[in-house]
Amino acid sequence: MIWDNNEDIRLVECENNKRAIQRQLNACREERRPYVFVTPTMTIKPLRRLLVPVSMLEEETYKAEICTYLARKTGAHIILLQANDYGSHARQNVNRIVTHINAVAQRSEEPISYEIVQARKDSFSLIQEAAERQRDFQHDLLILTASRDYGLDDILFGPPERKAIQRALVPVMLINPREDLFSLCD
């Protein structure tokens with residue numbers, strides 16, 4: 001079920017099975033605003049800790065605005081899970097997100113707490129690691145970037161975000177990688 005009010009964030013409620021999740025993922029492919037998946041197997045708690053995996057892809061920096069906004073409004077602690085890559089792209093993306101967090105914190109004069117955690121896996125397996133290490137981080141929301149396009153392996157075996165939603169114990173927020181993203185207002 002998709003609730004489509006004039007809200008800043010779309011809430012998607014569905015059963016925890018491949019077909020139901022994939023159907024909703026397909027329906028949200030063109031969405032400009034963030035959307036949150038909730039299944040009956042997830043526990044919904046007040047936001048205290050946000051897990052934000054950051055890979056080498058340039059669209060990972062789109063997460064900066066939403067995680068900063070949520071942290072400001074709820075007082076949540078941000079955990080930036082940096083991919084363990086050979087190159088510097090993931091580190092640069094984390095630095096861009098941290099720069100945004102610090103700029104917003106300075107401008108609003110509100111403290112925003114965050115930490116950077118080095119992942120065990122690289123960018124290609126980062127979402128899988130985030131889903132597997134849920135008990136390690138004790139987070140209340142997982143923020144992911146949706147796949148740009150579905151390749152053959154995504155069509156045959158399913159996109160990584162669907163697998164993360166199926167395994168998640170907490171709600172999963174997805175952000176589509178688009179240039180014309182919806183911007184949250186204060």
Side-chain angles (χ1 to χ4, degrees), residues 1-63 65-67 69-70 74 76 79-81 83 90 119-182 184:
M1 167 186 254
I2 297 177
W3 290 302
D4 192 12
N5 303 343
N6 289 324
E7 303 292 333
D8 295 335
I9 298 172
R10 177 178 263 192
L11 180 65
V12 180
E13 180 185 24
C14 65
E15 292 299 317
N16 192 0
N17 64 56
K18 292 178 185 181
R19 283 195 174 145
I21 293 171
Q22 190 61 54
R23 189 176 322 114
Q24 298 302 335
L25 283 171
N26 292 341
C28 294
R29 290 294 291 163
E30 298 301 318
E31 192 66 50
R32 291 180 58 226
R33 58 190 166 179
Y35 48 102
V36 179
F37 270 82
V38 179
T39 66
T41 59
M42 295 177 180
T43 303
I44 300 171
K45 301 181 282 187
L47 296 182
R48 301 220 185 329
R49 295 169 64 85
L50 309 173
L51 180 58
V52 184
V54 183
S55 72
M56 66 179 176
L57 301 173
E58 66 183 54
E59 58 262 15
E60 293 293 301
T61 58
Y62 296 160
K63 296 176 186 176
E65 186 177 345
I66 189 69
C67 72
Y69 179 83
L70 289 173
T74 65
I79 303 166
L80 298 170
L81 183 62
R120 297 177 190 143
K121 298 183 179 184
D122 63 5
S123 290
F124 300 107
S125 304
L126 187 63
I127 292 177
Q128 179 184 355
E129 180 177 345
E132 290 171 356
R133 294 183 63 190
Q134 294 177 68
R135 298 197 193 287
D136 294 348
F137 296 117
Q138 299 293 313
H139 58 281
D140 304 310
L141 181 68
L142 176 60
I143 301 175
L144 302 175
T145 303
S147 299
R148 261 186 236 156
D149 296 307
Y150 288 156
L152 183 60
D153 58 335
D154 294 328
I155 294 169
L156 294 176
F157 305 114
E161 58 266 24
R162 183 182 82 194
K163 295 172 188 170
I165 293 167
Q166 285 181 275
R167 293 182 183 140
L169 302 174
V170 296
V172 177
M173 177 179 282
L174 290 170
I175 301 170
N176 284 331
R178 295 172 51 118
E179 292 296 324
D180 62 340
L181 282 176
F182 179 78
L184 297 171

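For this chain, numbers begin at 1 and follow the sequence in order.
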Can you see which heavy atom on [X] is nearest to which on [Y], and at what distance?
| X | Y | answer |
| --- | --- | --- |
| Pro53 | Leu144 | CG-CD2, 3.7 Å |
| Pro40 | Cys14 | CD-O, 3.3 Å |
| Ser55 | Ala83 | CA-CB, 4.1 Å |
| Pro171 | Leu141 | O-CD1, 3.3 Å |
| Leu47 | Asp140 | C-OD2, 3.8 Å |
| Phe37 | Met42 | O-SD, 3.5 Å |

- Message: Apply side chain to side chain contact (heavy atoms under 4.5 Å, CB included) to residues Ile175 and Tyr35 and explain how you reach the verdict.
- Response: CA-CA 7 Å; Ile175 301 170; Tyr35 48 102; over 6 Å; no
- Message: Once side-chain hydrogen bond (donor to acceptor under 3.5 Å, both in side chains) is applied, do any residues pair with Asn16, and if so which ones, sequence neighbours excluded?
- Response: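 Applying side-chain hydrogen bond (donor to acceptor under 3.5 Å, both in side chains) to Asn16 gives Thr41.
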- Query: Taking only residues two or more places apart in sequence, or in another chain, which ones meet Gln128 in a side-chain hydrogen bond (donor to acceptor under 3.5 Å, both in side chains)?
  - Reply: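 For Gln128 the side-chain hydrogen bond (donor to acceptor under 3.5 Å, both in side chains) partners, ignoring immediate neighbours, are Glu132.
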Hey, does the side chain of [X] reach the backbone of [Y] with a donor-acceptor pair shorter than 3.5 angstrom?
| X | Y | value |
| --- | --- | --- |
| Arg48 | His139 | no |
| Asn26 | Arg29 | no |
| Gln134 | Arg167 | yes |
| Ser125 | Asp122 | no |

- Item | Within-4.5 Å side-chain heavy-atom neighbours: Val12 and Leu174 |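 Of all side-chain heavy-atom pairs linking Leu174 with Val12, none is under 4.5 Å.
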- Item | Side chain proximity check, Arg120 to Arg133, heavy atoms < 4.5 angstrom |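 Touching, per the 4.5 Å side-chain cut-off.
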- Message: Evaluate Leu11 against Val38 for side chain to side chain contact (heavy atoms under 4.5 Å, CB included), listing each step before the verdict.
- Response: CA-CA 8 Å; Leu11 180 65; Val38 179; 3.5 Å; yes
- Message: Within this structure, what is the CZ-CD distance for the pair Arg10 and Gln24, rounded to the nearest 0.5 Å?
- Response: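 Answer rounded to 0.5 Å: 9.0 Å.
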- Task: Would you sort out whether Ile21 and Glu15 count as a side chain to side chain contact (heavy atoms under 4.5 Å, CB included), showing the intermediate values?
- Result: CA-CA 7 Å; Ile21 293 171; Glu15 292 299 317; over 6 Å; no
- Hey, are Thr145 and Glu60 close enough side-chain-wise for a donor-acceptor pair under 3.5 Å?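 Checked: Glu60/Thr145 side chains pair up, N/O donor to acceptor below 3.5 Å.
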